[in-house]
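Taking it in order: structure first as structure tokens, then the write-up.
Because only heavy atoms are used, hydrogens play no part in the values below, and waters and symmetry mates are left out as well, while side chains stay in.
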Amino acid sequence: MLKEALSEIQRGSAEIIDEQRIEKLLKAYFEKGETYTVKAGFDPTAPDLHLGHTVLLQKLALFQKYGARVQFLIGDFTAQIGDPSGKSATRKTLSALDILENAKSYKEQVFKILDESKTDVVFNSEWINALGAAGMLTLTTTFNVARMLERDDFDKRYKNGTSISISEFIYPLLQGYDSVHLMSDIEIGGTDQKFNLLMGRHLQRAYEVGKEQAVLMMPILEGLDGVHKMSKSLGNYIGVTEEPYEMFGKILSVCDELMWRYYELLSAKTLTDIEALKSGVKDGTLHPKKVKEELALEITARFHSSSAAQAAKDEFDRVHSNNQIPTEIDEFSSHEAVSITKALVDCHLTPSTSQARRDIKQGAVRINQEKIDNEALQLESGEYILQVGKRKFAKLKVN
RNA sequence: GGUGAGAUAGUCAAGUGGCCAACGACGGCGGACUGUAAAUCCGCUCCCUCCGGGUUCAGAGGUUCGACUCCUCUUCUCACCA
């Protein structure tokens, strides 16, 4: 039992620091029913969760299954600084109202995966504001610049002469202090968070909390392009609130190699099952597309329902495998005859008439399934199914 | 505070008086091929209903027949020195 739980927890993780401690906590839970806390921090600026976030969330949910209370921390204070991990993007400052608003939509999405009754949603501004200047100063005495500069991204930036703001030095300290205040037993985060996560251990020691949190790091999920990490700003993400059809289609569009990665990090299948699929594909008994469909169905069903997922698949087959028109298309109408180029823009199929003209020239545009090449075409009254490329459809009524 | 360098389309990055709507790369889109894949190959990639025209190269002025390219100021970024 304990072994099983432990191996489930290890699955997919990139690195675990102080694994013995996790084992002890689990043991205490199994033997005495003792609970413990697992902390994970989230940025209040991005309320749109995508599958990248769910890798962490699923791990948290797993901990909940084994006796953990999750400390779902919304870093409303730290967001004002901006995490120096990875890219340094300048942050917009959020109003208190925005943050509350975002937190609300977070909750709606998060509890599709997490058990609400075993989750505490907390905001770090609460205790960091209470810290005051004196407390902040004390915090800074626990660490020094040389060690801060050991951190890889700071090191690189320092050597490159890229600017590092003092407030960025403060960021990891504050994140670590969160662990002091919350007395977390375990903290989980992405591999890019390693430094910040370890800071929690360091500060718990410095503040003599009486324990040092174990740290579990999950790999960063690659986005649809298979290269960069999944992120909203790169546009390579699958949002958890997306429509079943979109979700299904996006998962199916990833390349085969990435599919295995998604299987490992997102699927509920056991590792042995996944291995079986892998070897099936390898020796040709399983078609990779089938395997990918299965994954797409599983994930779509998780955020919607299995019937919705199945419907998405049927629709997908209909449009893409059989080249038929989707069952639901956006409809537009016009009161007078319009040129084809204008119609394409009006129906949001192309961003500009210039683009519309190019698309026609390239043979991308179809009306009622017929490819057209006359860019001066006028649409007289009637009903038309307009199509650009393989994916974009619209229905236009001209009166 | 001083000195120097720079700001070019979604991103990176050429262009230093006309041949520039602006090389190239990436990304994106489309086509072929497929498993809506991936890889590969081909085309497109500021706007405008065609011909042709219009607006761009941080911003504002100026020099010139003509400026992304020269001059002045402004804003911002970066580097070096304090």
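Annotation: B:rC76 and B:rC65 have their C1' atoms spaced 34 Å apart (nearest Å). A distance of about 23 Å separates the C1' atoms of B:rC20 and B:rG27, rounded to the whole Å. Only the C1' atoms considered, B:rA9 is 14 Å distant from B:rG15, to the nearest whole Å. Using atom P as the reference point in both B:rC29 and B:rA79, the two lie 36 Å apart (nearest Å). B:rU64 and B:rG59 have their P atoms separated by 23 Å, with the value rounded to a whole Å. Spacing between B:rA21 and B:rG54 at atom P, rounded to whole Å, works out to 12 Å. Distance check on atom P: B:rC19 versus B:rA39 gives 38 Å, rounded to whole Å. Across B:rC68 and B:rG61, the matching P atoms stand 14 Å from one another, rounded to whole Å.
For B:rC12, the paired base is B:rG24 (Watson-Crick or G-U wobble, both distances below 3.5 Å). For B:rC29, the paired base is B:rG43 (Watson-Crick or G-U wobble, both distances below 3.5 Å). The partner of B:rC65 is B:rG18, judged by Watson-Crick or G-U wobble contacts that both fall below 3.5 Å. Nucleotide B:rG6 forms a pair with B:rC76, judged by Watson-Crick or G-U wobble geometry with both contacts under 3.5 Å. For B:rA38, there is no paired base (Watson-Crick or G-U wobble, both distances below 3.5 Å).
At whole-Å resolution of the value, CZ in A:Arg357 and C1' in B:rG43 are 17 Å apart. Separating the NE2 atom of A:His228 from the P atom of B:rU11 is a distance of 15 Å, rounded to the nearest angstrom. Look at OH on A:Tyr262: it is 13 Å from P on B:rA38, rounded to the nearest Å. One interatomic measurement links the two molecules: CZ of A:Arg366 to P of B:rG31, which rounds to 8 Å at whole-angstrom precision. Summarising the geometry, the separation between CG on A:Leu258 and P on B:rA38 is reported as 11 Å, rounded to the nearest angstrom. The distance between atom CZ of A:Arg358 and atom P of B:rC50, rounded to the nearest whole Å, is 12 Å. Between the NZ atom of A:Lys361 and the P atom of B:rU45 there is a distance of 8 Å, rounded to whole Å. One atom, CD of A:Gln378, and another, C1' of B:rC50, lie 12 Å apart when rounded to the nearest Å.
Using modelled atom types and a 3.5 Å distance limit, the side chains of A:Ser333 and A:Asn399 yield no donor-acceptor pair. The closest side-chain donor-acceptor pair between A:Gln109 and A:Thr241, if any, does not fall under 3.5 angstrom.
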A correct 5'-to-3' footprint of nucleotides 24-29 of chain B, with B, S and - meaning base, sugar-phosphate only and no protein heavy atom under 4.0 Å, is ------
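Which of B:rC47, B:rG35, B:rG30 sits closest to the side chain of A:Ser352 comes down to B:rC47.
Residue contacts shown for A:Gly249 include a base, since a base heavy atom lies under 4.0 Å away. Residue A:Ser354 is in base contact, counting any heavy-atom pair closer than 4.0 Å across all strands shown. Residue A:Ser321 is in sugar-phosphate contact alone, with no base atom involved, counting any heavy-atom pair closer than 4.0 Å across all strands shown. Using a 4.0 Å heavy-atom distance criterion, A:Lys290 is classed as making no nucleic acid contact.
Remark: the backbone N or O of A:Thr191 is not paired with any side-chain donor or acceptor of A:Glu15 at under 3.5 angstrom. A donor-acceptor contact shorter than 3.5 Å links the side chain of A:Asn129 to the backbone of A:Ser125. Between the A:His181 side chain and the A:Asp178 main chain, no donor and acceptor come within less than 3.5 Å of each other. Under a 3.5 Å cut-off, the side chain of A:Glu315 and the backbone N or O of A:Thr327 do form a donor-acceptor pair.
Of the two residues contacting RNA chain B, namely A:Ala376 and A:Asp256, the nearest-nucleotide position lying further toward the 5' end is that of A:Asp256. Of the residues near RNA chain B, A:Met259 and A:Thr341, the one whose nearest nucleotide (by heavy atom distance) lies more toward the 5' end is A:Met259.
Note on A:Ser253: every side-chain N or O is 4.0 Å or more away from OP1 and OP2 of B:rA38. The phosphate of B:rC48 has OP1 or OP2 within less than 4.0 Å of a side-chain N or O from A:Thr353.
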Take A:Arg201 and A:Ile17 through the side-chain contact (heavy atoms from CB on, under 4.5 Å) test and state the conclusion after the steps.
-> CA-CA 10 Å; A:Arg201 282 168 71 80; A:Ile17 289 162; 3.9 Å; yes
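More than 12 heavy atoms of other residues, nucleotides or ligands shown are found within 6.0 angstrom of CD on A:Gln324.
Because its NZ or CZ atom is not both nearer than 6.0 Å to the ring centre of A:Tyr36 and within 45° of the ring axis, A:Lys211 does not count as a cation-pi partner of that residue.
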